[in-house]
K.L.:
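Quick one: structure below, then a few questions.
The model shown is predicted, which means the values in this text are computed figures rather than measured ones.
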Amino acid sequence: MSDDLMNRPTEISVDRSSFDEFALPVWTPSGLRTIVYGDTDRYSTKPILVCVPGITRNYQDFRDVAEIASQRFRVIGVTLLGMGRSDRLPSAEAYRAAGWDAQVNCVVTLLAHLRAKTVTFLGTSFGGVIGILLAAQPNTPISTLILNDIGAFCCRENFIGFNEALASEIKFLNLAHAEKFIKFAFRSVGYLTAREWHAFTLDSIEAADGDQYRLSYDPNIARQFLGEERGDLDLWDCWNSVRCPTLVVRGKESQWLSESTVEKMRDVNPACDGLTLNGCGHFPHLRSKEHIEPIMRWLEKRMLIDA
């Protein structure tokens with residue numbers, strides 16, 4: 001791709017053929033809002049795989065998962081409030097008032113909309129936090145859980161400077177500048193080809209004023225935490241109630257999820273397995289066969305065991 005083309009203002013467009021996009025109304029303390037989700041086949045009777053991304057991300061992160069997994073699953077990708085094409089709340093205070101409950105409610109509302117008795121749940125980072133919270137509930141619809149570089153504990157050091165970095169609205173003059181930033185900011189996700197980095201960039205930005213671009217999330221999500229001392233993320237009480245088969249995927253270089261946390265999680269839940277992906281940290285991008293196929297092999301094995 002020539003520098004001239006990369007510097008030319010152009011419509012943001014990527015191949016989104018893995019998903020059809022739908023809108024869903026959800027309740028928040030600020031009133032009704034709309035989230036978007038992708039569905040590989042709304043009329044399919046296959047088992048459902050629900051995929052939830054992390055903070056600042058959107059359901060297009062699971063496009064490659066959908067392409068591979070749709071042979072066995074109806075794949076649903078969710079974009080949470082304040083991210084991607086889903087609605088934003090009016091202020092940082094509104095996100096603080098809504099708390100995690102509003103984002104969890106987005107997923108619960110979607111599950112009710114799908115009328116699925118059971119689902120397999122794949123959550124990256126904060127999406128995995130939602131997975132743990134829901135899997136710990138009595139009568140949970142989550143029958144199988146996959147956690148992408150998140151677990152029952154994350155030390156507070158990982159949050160130092162995190163919200164400050166996300167709280168600023170960063171704009172880019174052109175796609176070349178955006179792609180350079182994305183490659184640096186997400187350098188720990190693992191190896192991607194030039195074409196894959198370009199797609200990752202397009203999935204991460206949206207049009208801004210004039211011919212500029214900005215990151216496709218609401219900085220108010222992070223601004224709600226500015227000035228607060230962040231503690232550890234401690235979900236052990238919830239994890240103690242999770243009994244479904246679980247795969248904890250860890251980037252080998254991750255500082256967000258330690259090997260000792262994975263081992264402790266496996267001690268608590270005998271149905272929990274671990275998978276380490278080389279060449280990446282937080283969070284594995286799940287955009288290559290090297291990342292996706294080991295997860296699919298584990299899923300197919302679990303389906304045979306549970307059949």
K.L.:
Quick one: are the ring centres of F126 and W100 less than 6.0 Å apart?
P.N.:
yes
K.L.:
List in chain and number order the residues that pass side-chain contact (heavy atoms from CB on, under 4.5 Å) with Q71, two or more places apart in sequence or in another chain; answer none if no residue qualifies.
P.N.:
none
K.L.:
Is R63 salt-bridged to D203, cutoff N-O under 4.0 Å?
P.N.:
yes
K.L.:
To the nearest 0.5 Å, what is the distance between OG1 (T34) and CG (L24)?
P.N.:
8.0 Å
K.L.:
Residues two or more places apart in sequence or in another chain: which of them pass salt bridge (charged side-chain N to carboxylate O under 4.0 Å, His left out) with D61?
P.N.:
R57, R287
K.L.:
Measure from the side-chain N and O atoms of T140 to the backbone N and O of A136, and report whether any donor-acceptor pair falls under 3.5 Å.
P.N.:
no
K.L.:
Shortest non-hydrogen contact from A222 to L166?
P.N.:
CB-CB, 3.6 Å
K.L.:
Could you grab the distance from atom CG of N105 to atom CG of L110, nearest 0.5 Å is fine?
P.N.:
11.0 Å
K.L.:
Rounded to the nearest 0.5 Å, what separation is found between the CG atom of L257 and the CG atom of L233?
P.N.:
10.5 Å
K.L.:
Is the backbone of T144 close enough, under 3.5 Å, to the side chain of T120 for a donor and an acceptor to pair up by distance?
P.N.:
no
K.L.:
Are the side chains of L286 and I295 in touch, meaning some heavy atoms are under 4.5 Å apart?
P.N.:
yes
K.L.:
Please tell me whether I132 and V104 are part of a single hydrophobic cluster in this structure, the criterion being side-chain heavy atoms less than 4.5 Å apart.
P.N.:
yes
K.L.:
Checking side-chain contact (heavy atoms from CB on, under 4.5 Å) for the pair L202/L175: CA distance, chi angles, key distance, verdict?
P.N.:
CA-CA 8 Å; L202 295 181; L175 287 176; 3.9 Å; yes
K.L.:
If you look at every heavy atom in W239 and L145, which pair is closest and at what distance?
P.N.:
CZ3-CD2, 4.3 Å
K.L.:
Could I get the full list of side chain to side chain donor-acceptor pair (under 3.5 Å) partners for D232, not counting sequence neighbours?
P.N.:
R156
K.L.:
What's the verdict on side-chain contact (heavy atoms from CB on, under 4.5 Å) for N240 and V268, showing C-alpha distance, side-chain angles and the deciding distance?
P.N.:
CA-CA 6 Å; N240 289 336; V268 171; 3.5 Å; yes
K.L.:
Can a donor-acceptor pair be found, under 3.5 Å and without considering hydrogens, that links the side chain of T56 to the backbone of Y217?
P.N.:
no
K.L.:
In a check of ring-ring contact (aromatic ring centres under 6.0 Å, His included) between F200 and each of Y191, F181, F186, which one passes?
P.N.:
F186
K.L.:
First locate atom CD1 of I130, then atom CG of L80, and finally report the distance between them rounded to the nearest 0.5 Å.
P.N.:
4.5 Å
K.L.:
How close do T79 and S86 get, heavy atom to heavy atom, and via which atoms?
P.N.:
O-OG, 2.7 Å
K.L.:
Does any part of the side chain of W298, heavy atoms only, come nearer than 4.5 Å to the side chain of L275, both counted from C-beta?
P.N.:
no
K.L.:
Look at atom CD of E67 and say whether more than 12 heavy atoms of other residues, nucleotides or ligands are closer to it than 6.0 Å.
P.N.:
no
K.L.:
Measuring from atom CG of L173 to atom OH of Y213, what distance do you get when rounded to the nearest 0.5 angstrom?
P.N.:
10.5 Å
K.L.:
Is it true that the side chains of N148 and T124 contain a donor and an acceptor less than 3.5 Å apart?
P.N.:
yes
K.L.:
With a 3.5 Å distance limit and no angle check, can you tell me whether N269 reaches the backbone of C244 through a side-chain donor-acceptor pair?
P.N.:
yes
K.L.:
How many angstroms lie between atom CD1 of I221 and atom OH of Y95, to the nearest 0.5 angstrom?
P.N.:
4.5 Å
K.L.:
Can you give me the closest heavy-atom contact between R88 and P219, atom names plus distance?
P.N.:
NH1-CD, 4.2 Å
K.L.:
Testing the basics here: between G54 and S125, what is the closest heavy-atom pair and its distance to 0.1 Å?
P.N.:
CA-CB, 4.1 Å
K.L.:
Hey, is the main chain of F184 close enough, under 3.5 Å, to the side chain of R187 for a donor-acceptor pair?
P.N.:
yes
K.L.:
Grab the two heavy atoms, one from A69 and one from L49, that are nearest each other, plus how far apart they are.
P.N.:
CB-CD2, 4.0 Å
K.L.:
Report yes if some heavy atom in the side chain of R33 is under 4.5 Å from a heavy atom in the side chain of P90; otherwise report no.
P.N.:
yes
K.L.:
Between N220 and R223, is there a donor-acceptor pair closer than 3.5 Å when you use the side chain of the first and the backbone of the second?
P.N.:
no
K.L.:
Can you list the residues that meet the salt bridge (charged side-chain N to carboxylate O under 4.0 Å, His left out) rule with D39, with sequence neighbours excluded?
P.N.:
R74
K.L.:
Hey, could you give me each pair passing salt bridge (Lys or Arg N to Asp or Glu O under 4.0 Å) that has a residue in residues 234-248? Not counting sequence neighbours.
P.N.:
none
K.L.:
With a cut-off of under 6.0 Å to the ring centre and 45° to the axis, is K264 in cation-pi contact with W236?
P.N.:
yes
K.L.:
Is it the case that one hydrophobic cluster holds both F22 and V108, taking links as side-chain heavy atoms less than 4.5 Å apart, direct or via other members?
P.N.:
yes
K.L.:
Considering only residues two or more places apart or on different chains, which pairs with a residue in residues 66-90 satisfy ring pair (Phe, Tyr, Trp, His ring centres under 6.0 Å)?
P.N.:
none
K.L.:
Would L215 and F172 count as a side-chain contact (heavy atoms from CB on, under 4.5 Å) if you check the C-alpha gap in whole Å, the side-chain angles of each, and the deciding distance to 0.1 Å?
P.N.:
CA-CA 9 Å; L215 297 177; F172 310 101; 3.8 Å; yes
K.L.:
Determine whether N58 and R85 make a side-chain contact, defined as any pair of heavy atoms from C-beta on separated by less than 4.5 Å.
P.N.:
no
K.L.:
Hey, is the main chain of H282 close enough, under 3.5 Å, to the side chain of S188 for a donor-acceptor pair?
P.N.:
yes
K.L.:
Not counting sequence neighbours, which residues clear side chain to side chain donor-acceptor pair (under 3.5 Å) with R266? List them please.
P.N.:
none
K.L.:
What residues, two or more places apart in sequence or in another chain, satisfy salt bridge (charged side-chain N to carboxylate O under 4.0 Å, His left out) together with E169?
P.N.:
R214
K.L.:
Taking V119's backbone N and O only, do any of them form a donor-acceptor pair with S143's side chain (distance below 3.5 Å, no angle check)?
P.N.:
yes
K.L.:
Could you pull out all residues at least two apart from R230 that satisfy salt bridge (charged side-chain N to carboxylate O under 4.0 Å, His left out)?
P.N.:
none
K.L.:
Kindly state each residue pair satisfying salt bridge (Lys or Arg N to Asp or Glu O under 4.0 Å) with at least one member in residues 104-133, sequence neighbours excluded.
P.N.:
none
K.L.:
Would a single hydrophobic cluster contain both L89 and F225, if residues Ile, Leu, Val, Met, Phe, Trp and Tyr are joined by side-chain heavy-atom contacts under 4.5 Å?
P.N.:
no
K.L.:
Listing request: all side chain to side chain donor-acceptor pair (under 3.5 Å) pairs with a residue in residues 247-263, at least two apart in sequence or in separate chains.
P.N.:
D149-S254, S258-S260, S258-T261
K.L.:
V52 and side-chain contact (heavy atoms from CB on, under 4.5 Å): which partner among V107, V129, L134?
P.N.:
V107
K.L.:
Can you list the steps and then say if M83 with Q103 is a side-chain contact (heavy atoms from CB on, under 4.5 Å)?
P.N.:
CA-CA 11 Å; M83 305 173 209; Q103 302 289 17; 4.1 Å; yes
K.L.:
So, using side-chain contact (heavy atoms from CB on, under 4.5 Å) as the criterion, who are the partners of A66 when residues are at least two apart?
P.N.:
S18, F19, T40, V75
